[in-house]
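Basis for what follows: all heavy atoms, side chains included, without hydrogens, waters or symmetry-related copies.
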Protein chains: 2
Amino acid sequence: MRSLSDRIEKYLKVLIERSENEEVEIQRIELAETFQCAPSQITYVLSTRFTASEGFITESKRGGRGFIKIRKFPINENPGKTGISEAQAENILQDLRDKGFLTEREAYLLREILGREVLDPAGGESDYIRFKIINKVMKSIKETEGERNVL
Amino acid sequence: MRSLSDRIEKYLKVLIERSENEEVEIQRIELAETFQCAPSQITYVLSTRFTASEGFITESKRGGRGFIKIRKFPINENPGKTGISEAQAENILQDLRDKGFLTEREAYLLREILGREVLDPAGGESDYIRFKIINKVMKSIKETEGERNVL
DNA sequence: CTCCTTTGACTTTCTTTGACCTTTAGTTAA
DNA sequence: TTAACTAAAGGTCAAAGAAAGTCAAAGGAG
């Protein structure tokens, strides 16, 4: 029998697949109730199966009317005009760092670049540019795989 | 479903958008009645979603004929001619690489980011953004000095 | 045994409300 | 005329409520 985590993962992935824009928004408590489990179980599933290095971006808000949004990251340049906020970018970088795909210094460099200050002049396009930068980074990581310790 | 605060925010932003001069004047009590909430809720929305760093300035008067005025400013950072072309950027990166300030992989990453493809959506501002990115990189290098070989 | 799951107590963040304070315009009385 | 009162705003702040996050400990499968 597949584990609860597996079932929740499957459930969410189906939701994403069926969505228009490769994203889904849930409420942690609600989903926990659906699966009759502790809310933190949902957090666990997200942190083990919906990581940035797997191509997912999550975003959430606490408090009243809080939510968790999961988005599948189109690594292969899909100009669907997708955008990434500064906070989301930070999460992605942290994950890539944690997983060892980026060194601390690389993550630091990118964090500076992706900040509001630098990208602001792009105005409404800044989220989009942030998306494109992250996209490039992901691709680059794939292409330079194995070189991590060489440099 | 989105929260009350979110709805009030949206409502006000629509009003501003539709206005001639990017500003709107309301009465706190009136708006609170419209949304069936405590007047201080309006204050809360203003202080969390119409901040200066988001480009808004609010102004108000108490007492009889009191009001709250919200103005949106185009946070127009003046690109004072500071711009860096793609080719120039490449030279700079090469130089930083040669001098050992960047690893090969870091330089590669940055080269990808600074390319035309990524920054194009910024339109006329892309040279300026490239300039700011390079600036950040320079600063970051200074701040992480000595860490180069630690990672 | 070891690693992955599951749970629950505690923490942090965001929202909503209400009681009380301050400011202003208008009105009234000396 | 002007000082004092009154009513009508908006401001503040703290408490209560509503979610999500964290983390360590217990439970299970291989």
Side-chain angles (χ1 to χ4, degrees), chain A residues 1-13 15-16 23-54 56-71 85-95 97-100, chain B residues 1-13 15 23-54 56-71:
Chain A
M1 173 59 167
R2 255 150 70 248
S3 76
L4 177 54
S5 289
D6 288 341
R7 281 188 289 125
I8 296 174
E9 174 192 6
K10 192 68 190 298
Y11 176 83
L12 288 173
K13 286 192 169 157
L15 283 191
I16 291 174
E23 76 178 39
V24 65
E25 189 175 312
I26 56 157
Q27 283 204 275
R28 196 178 70 148
I29 285 188
E30 200 181 62
L31 190 55
E33 256 159 34
T34 303
F35 282 91
Q36 301 276 28
C37 64
S40 51
Q41 177 80 35
I42 307 301
T43 307
Y44 174 72
V45 172
L46 293 183
S47 70
T48 54
R49 294 145 155 91
F50 292 84
T51 64
S53 41
E54 307 271 339
F56 293 95
I57 304 169
T58 68
E59 182 185 2
S60 67
K61 200 165 69 170
R62 306 185 181 187
R65 309 292 172 109
F67 63 83
I68 297 178
K69 195 190 285 184
I70 311 167
R71 187 139 55 89
S85 74
E86 196 181 345
Q88 287 177 318
E90 208 139 321
N91 285 340
I92 294 172
L93 290 181
Q94 189 52 49
D95 180 66
R97 169 72 190 97
D98 289 344
K99 299 275 165 56
Chain B
M1 190 46 187
R2 259 157 59 243
S3 74
L4 177 56
S5 291
D6 288 340
R7 281 186 289 124
I8 296 173
E9 173 192 6
K10 192 72 188 294
Y11 176 83
L12 288 173
K13 287 193 168 157
L15 283 191
E23 76 178 41
V24 66
E25 191 176 312
I26 56 157
Q27 284 204 274
R28 196 177 70 146
I29 285 189
E30 198 182 64
L31 190 54
E33 256 160 33
T34 302
F35 282 92
Q36 302 273 32
C37 64
S40 51
Q41 177 81 34
I42 307 301
T43 308
Y44 174 73
V45 172
L46 293 183
S47 70
T48 55
R49 292 144 155 90
F50 292 84
T51 64
S53 51
E54 309 265 340
F56 294 95
I57 289 184
T58 68
E59 179 186 350
S60 67
K61 201 166 68 170
R62 307 184 180 186
R65 309 288 173 96
F67 64 84
I68 296 177
K69 195 191 283 183
I70 311 169
R71 270 207 299 267

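Between the side chain of A:Ser3 and the base of D:dG28 there is no donor-acceptor pair of N/O atoms closer than 3.5 Å. The base of C:dT22 lies close enough to the side chain of B:Arg62 for a donor and an acceptor atom to sit less than 3.5 Å apart.
Looking at heavy-atom distances under 4.0 Å, B:Ile42 makes no contact with the nucleic acid at all. Nucleic acid contact class of A:Gly64 (heavy atoms, under 4.0 Å, all strands): base.
Protein atom CG of B:Leu31 is 16 Å distant from nucleotide atom C1' of D:dG11, rounded to whole Å. Between the CZ atom of B:Phe67 and the P atom of D:dA8 there is a distance of 19 Å, rounded to whole Å. Following rounding to the nearest Å, A:Glu33 (CD) and C:dT7 (P) show an atom-to-atom distance of 14 Å. In this structure, the CD atom of B:Glu59 is 14 Å from the P atom of D:dG10, given to the nearest Å. Between B:Arg65 atom CZ and D:dA7 atom P there is a gap of 17 Å when expressed in whole angstrom units. Spacing between atom CZ of A:Phe35 and atom P of C:dT7 amounts to 13 Å, rounded to whole angstrom units. One can place CD of B:Glu25 at 13 Å from C1' of D:dA9, the figure rounded to the nearest angstrom. The CZ-P distance, from B:Arg7 to C:dC14, rounds to 20 Å in whole Å.
Dashed line: the shortest gap from a side-chain N or O of A:Gln41 to OP1 or OP2 of C:dT5 is not under 4.0 Å. Note on A:Lys61: a side-chain N or O is less than 4.0 Å away from OP1 or OP2 of C:dT15. Put simply, B:Ser40 has no side-chain N or O that comes within less than 4.0 Å of OP1 or OP2 on C:dT17. Here A:Tyr44 does not reach the OP1 or OP2 of C:dT6: none of its side-chain N or O atoms lies under 4.0 Å away. B:Ser60 has a side-chain polar atom (N or O) that falls below the 4.0 Å cut-off from OP1 or OP2 of D:dG11. Between B:Ser5 and C:dT16 there is a side-chain polar atom (N or O) within less than 4.0 angstrom of OP1 or OP2.
The backbone N or O of A:Ser85 sits less than 3.5 Å from a side-chain atom of A:Gln88, completing a donor-acceptor pair. The main-chain N or O of B:Gly66 is found under 3.5 Å from a side-chain atom of B:Gln27 such that the two form a donor-acceptor pair. Using modelled atom types, one side-chain atom of B:Ser47 and one backbone atom of B:Tyr44 make a donor-acceptor pair closer than 3.5 Å.
No more than 12 heavy atoms of other residues, nucleotides or ligands shown are found within 6.0 angstrom of OH on B:Tyr11.
Between A:Ile70 and A:Leu15, every side-chain heavy-atom pair lies at or beyond the 4.5 Å cut-off.
Heavy-atom distances to DNA chain C give each of A:Arg49 and A:Pro39 a nearest nucleotide, and the one nearer the 5′ end belongs to A:Arg49.
At a threshold of 4.0 Å, the pair A:Glu59-A:Arg71 does not count as salt-bridged, since none of the basic side-chain nitrogens sits closer than that to a carboxylate oxygen.
Checking C:dG8, D:dG10, C:dT6 against the side-chain heavy atoms of A:Ala38 singles out C:dG8 as nearest. The side chain of B:Arg28 lies closest to D:dT12 when the candidates are D:dT12, C:dT5, C:dA25.
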